[in-house]
*Asks:* 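Next up is a structure, given as structure tokens.
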Amino acid sequence: SPAYRRQVELGLIASGGTALPVHPVQLYEFAAALILFLFLWARFPKRRCAGEVVAAFGMLYGSWRLIAEALRADHPGWRPDVFGVTANQWLSLILIAVAGTGWLAASRAARTPVSSPKR
């Protein structure tokens, strides 16, 4: 498995040895997705502006992926770590920033009154 190969690469176990236990990240993903769905479903009727729920999804999912990627034990060699952050974590940070910017723009647009066209 990728986790076993990574443990051998890091010298945590000898080749042919028994793999160390890893987090069941797939189960965590399911639980996080279910909680995220229930939260957004409850939030949808209370939204204050268009795009708020989508932006909340982007920020919450990106935040969860930062945590999930840290728990994974199968980081292959092609994923460069820059400042100790994997490529997938960088994508999560970008998603959080884009969603946050979108949320701010949508909420500012919702506060601005729309003028009717002049006849």
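Computation of the quantities below employed the complete heavy-atom set of this structure, encompassing side-chain atoms and omitting hydrogens, waters and symmetry-equivalent molecules. This chain uses plain numbering: 1 for the first residue, then up along the sequence.
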*Asks:* Hey, could you give me the CZ/CD distance between Phe57 and Glu52, rounded to the nearest 0.5 Å?
*Replies:*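 Atom-to-atom, Phe57:CZ and Glu52:CD are 15.5 Å apart.
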*Asks:* Can you tell me how far the CD atom of Gln89 sits from the CD1 atom of Ile94, to the nearest 0.5 Å?
*Replies:*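 If we round to the nearest 0.5 Å, Gln89:CD and Ile94:CD1 are 12.5 Å apart.
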*Asks:* What are the two closest heavy atoms between Ser92 and Gly62, and how far apart are they?
*Replies:*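 That would be CB-O, 3.4 Å.
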*Asks:* Parallel, tilted or perpendicular: which describes the rings of Trp64 and Tyr28, with under 30° parallel and over 60° perpendicular?
*Replies:*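 Rings of Trp64 and Tyr28: perpendicular, over 60°.
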*Asks:* Do Leu40 and Val54 share a hydrophobic cluster (ILVMFWY, side-chain heavy atoms under 4.5 Å, transitive)?
*Replies:*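 No, Leu40 and Val54 fall in different hydrophobic clusters.
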*Asks:* Measuring from Tyr4:OH to Leu12:CG, what's the distance to the nearest 0.5 Å?
*Replies:*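 Tyr4 atom OH to Leu12 atom CG measures 12.0 Å (nearest 0.5 Å).
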*Asks:* Considering only heavy atoms from C-beta outward, does the side chain of Val22 approach that of Gln7 to under 4.5 Å?
*Replies:*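 Heavy-atom side-chain distance check passes, below 4.5 Å.
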*Asks:* Determine yes or no for a side-chain-to-main-chain donor-acceptor pair under 3.5 angstrom, with Arg47 supplying the side chain and Phe44 the backbone.
*Replies:*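 The answer is yes, because a donor-acceptor pair under 3.5 Å joins these two groups.
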*Asks:* For Ala50 and Ala106, work out which heavy atoms get closest and say how close.
*Replies:*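 So the minimum-distance heavy-atom pair works out to O-CB, 3.3 Å.
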*Asks:* Strictly below 4.0 Å, N to O, side chains only: are Glu9 and Arg5 in salt-bridge contact?
*Replies:*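 Result for this pair is no, no salt bridge flagged.
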*Asks:* For residues Leu66 and Ile96, determine if any side-chain heavy atom of one lies less than 4.5 Å from a side-chain heavy atom of the other.
*Replies:*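 Result yes, sub-4.5 Å side-chain heavy-atom pair found.
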*Asks:* Any carboxylate oxygen within less than 4.0 angstrom of a Lys/Arg side-chain nitrogen, looking at Glu29 and Arg65?
*Replies:*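 Looking at Glu29 and Arg65, the cut-off is met.
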*Asks:* Would a hydrophobic clustering, with Ile, Leu, Val, Met, Phe, Trp and Tyr connected at side-chain separations under 4.5 Å, put Val25 with Ile67?
*Replies:*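 In one cluster with Val25: Ile67, yes.
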*Asks:* For the CG atom of Leu27 and the CZ atom of Phe30, what is their distance to the nearest 0.5 Å?
*Replies:*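 One gets 9.0 Å once the value is rounded to the nearest 0.5 Å.
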*Asks:* Are any non-hydrogen side-chain atoms of Leu95 and Leu91 less than 4.5 angstrom apart?
*Replies:*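 With C-beta onward as the side chain, the pair stays apart.
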*Asks:* If we only count heavy atoms from C-beta on, is the Leu20 to Ile13 side-chain gap below 4.5 Å?
*Replies:*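 With C-beta onward as the side chain, the pair touches.
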